[in-house]
Number of protein chains: 4
Amino acid sequence: MEFQRRQAIYLQIGDYICENILMKKWKEGDKIPSIRELAVSIEVNPNTVMRTYSYLQDRGIIFNKRGIGYFVAENAYKNTRSLKKEGFINHDLPHLFKTMDLLNLSFNDLKLFYNKNKGVT
Amino acid sequence: MEFQRRQAIYLQIGDYICENILMKKWKEGDKIPSIRELAVSIEVNPNTVMRTYSYLQDRGIIFNKRGIGYFVAENAYKNTRSLKKEGFINHDLPHLFKTMDLLNLSFNDLKLFYNKNKGVT
Amino acid sequence: MEFQRRQAIYLQIGDYICENILMKKWKEGDKIPSIRELAVSIEVNPNTVMRTYSYLQDRGIIFNKRGIGYFVAENAYKNTRSLKKEGFINHDLPHLFKTMDLLNLSFNDLKLFYNKNKGVT
Amino acid sequence: MEFQRRQAIYLQIGDYICENILMKKWKEGDKIPSIRELAVSIEVNPNTVMRTYSYLQDRGIIFNKRGIGYFVAENAYKNTRSLKKEGFINHDLPHLFKTMDLLNLSFNDLKLFYNKNKGVT
DNA sequence: GTGGTCTAGACCACC
DNA sequence: GTGGTCTAGACCACA
């Protein structure tokens, strides 16, 4: 796994887990990798993964069974979605529109990028 | 001037200057405020402004005339725009579209947000 | 470590690091001293060392692993050498030859200085 | 006239004047350009030229006749030469040899550069 | 433990 | 007046 400089690693790991939940790869009740497992597989310090798990647990996305491991929480999908959506509306969109303004990009330009992106992917 | 916690102040000052250039408020060759001047007016330590100016100078957006001050560089508009646009296309947009996917938002949803935003502003 | 007045300390520290790389004392991938460590050992403010490290990182000579420290970059030797060589050929040598001209010194004179220098060292 | 960043402008102007003396373009007793004249012609603040002239006067290279202007001093050639030679031997040469060492350049390499330089010029 | 940012204040060289 | 460098010390996020 590769990390960007712009964001804390533990948050990027969090995003990765949230994506799996949003894509329904990991369903509610599923066991997720142990801290050590994940740490080894993505070559990161266990402390960092631990921090991710605490972060997600605080937000009701995963929960811990002592001695057994971490599991996807009951309302994980809903919680994850509302968390992401909030960030999307409050941060991503305003930033998007402001940048488009500064770069003199119209909504049509955005549509072109969108189609291009969809076509490529 | 108000600053957010999420980004270093010196970068936010940099953004502020870039915006002025992109909005053509400051044109190529114009003198920009001296380090001390700007520092006082936005209530920030001169060292912080200095850091911004060094940062922008490294990127060819402003340049220094010794003993006189800083000036908007020759290709500042072009450089700034291409810098911002690159970030927009390579980082912001992919992230945006990915998030929309995860949230099951269609392009029409985006259009709604856009219109709403334009209506409000 | 002793510093000269004629050049900024952070650049002299940079030269020191580059020399270690050119002399192959520090090889690619090696961890270099932490900012605080080096600062203490050469009796300089950590901010000054930090500045050196940022400077070298910008030039692809060292890189940072977050929370761990700075390391000699992959092409550090190559980059350092070409950086120094470029300065040598484009600045030092022209200046040298020009000065020799002005002082009416021949290449033989230079050879004498060279031999003398080698004999002393 | 173009100036480099690496050295104070007033010193670069000083070098320019010394060169004229060493090349015997300006001989002892000759009047040199007035501060204002020179300042205008090289597009520099008169204060800067003033500083150059003070600097050279202190070193016995030029002298001032009040109300008339500046003139090349009696032992200007000798003084200039010894000044430059001192710098050459104490600064330029040690730096040259050290850099050659670091870059693994032999004296033969230096000879090649020398011949190339002479050939081109 | 690591780096990164910021402040306050000083001093200097230069224009 | 301008920028540039350095110190001292603080605080924070991250691994």
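Quick caveat: nothing in here was measured; it's all calculated off a predicted structure. Quick note on labels: first sequence line is chain A, next is B, and so on, each numbered from 1.
The side-chain contact (heavy atoms from CB on, under 4.5 Å) search around C:Gln12 returns C:Phe3, C:Gln4, C:Gln7, not counting sequence neighbours. Taking the side-chain contact (heavy atoms from CB on, under 4.5 Å) definition, one finds that D:Ser34 meets it with D:Arg36, D:Glu37, sequence neighbours left out. Not a single side-chain hydrogen bond (donor to acceptor under 3.5 Å, both in side chains) links D:Asn75 to another residue, sequence neighbours left out. By the side-chain hydrogen bond (donor to acceptor under 3.5 Å, both in side chains) test, C:Asp15 pairs with C:Lys84, sequence neighbours left out. By the side-chain contact (heavy atoms from CB on, under 4.5 Å) test, A:Arg81 pairs with A:Leu22, A:Tyr77, A:Lys85, B:Leu103, B:Asn104, sequence neighbours left out. Legend: residues meeting side-chain contact (heavy atoms from CB on, under 4.5 Å) with C:Met50, ordered by chain and number and at least two apart, are C:Ile35, C:Ser54.
Positionally, the nearest nucleotide of DNA chain F for B:Ser54 lies more toward the 5' end than for the other of C:Ile68 and B:Ser54. For C:Gly67 and B:Pro33, each mapped to the nucleotide of DNA chain F holding its nearest heavy atom, the one lying further toward the 5' end belongs to B:Pro33.
At least one donor-acceptor pair closer than 3.5 Å links the side chain of D:Thr80 to the backbone N or O of D:Ala76. Judged by distance alone, the side chain of C:Thr52 and the main-chain N or O of C:Ile13 form no donor-acceptor pair under 3.5 Å. Formation of a donor-acceptor pair under 3.5 Å by the C:Asp30 side chain with backbone atoms of C:Val72 is not found in this model. Remark: side-chain polar atoms of D:Asn79 are paired, donor with acceptor, to backbone N or O of D:Gly60 under 3.5 angstrom.
Residue pairs meeting the side-chain hydrogen bond (donor to acceptor under 3.5 Å, both in side chains) criterion with at least one partner in residues 55-68 of chain C, sequence neighbours excluded, do not occur; the list is empty. The side-chain hydrogen bond (donor to acceptor under 3.5 Å, both in side chains) analysis of residues 91-100 of chain C, with sequence neighbours excluded, yields the pairs C:Lys98-D:Glu19.
Contacts with DNA chain E (heavy atom under 4.0 Å) in residues 5-19 of chain D: D:Ala8, D:Ile9, D:Tyr10, listed by number. Using a 4.0 Å cut-off on heavy atoms, the residues of residues 38-52 of chain B that approach DNA chain F are B:Asn47, B:Met50, listed by number.
The outermost nucleotides of DNA chain E lying under 4.0 Å from heavy atoms of chain D, listed 5' to 3', are E:dC14 to E:dC15.
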* Asked: Which dot-bracket string fits DNA chain E when only Watson-Crick or G-U wobble pairs with both atom distances under 3.5 Å count, crossing pairs get [ ], and | stands for a partner on a different strand?
  -> ||||||||||||||.
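The two atoms that bring C:Ile89 and C:Leu93 nearest to each other are O-CB, 4.0 Å, heavy atoms only.
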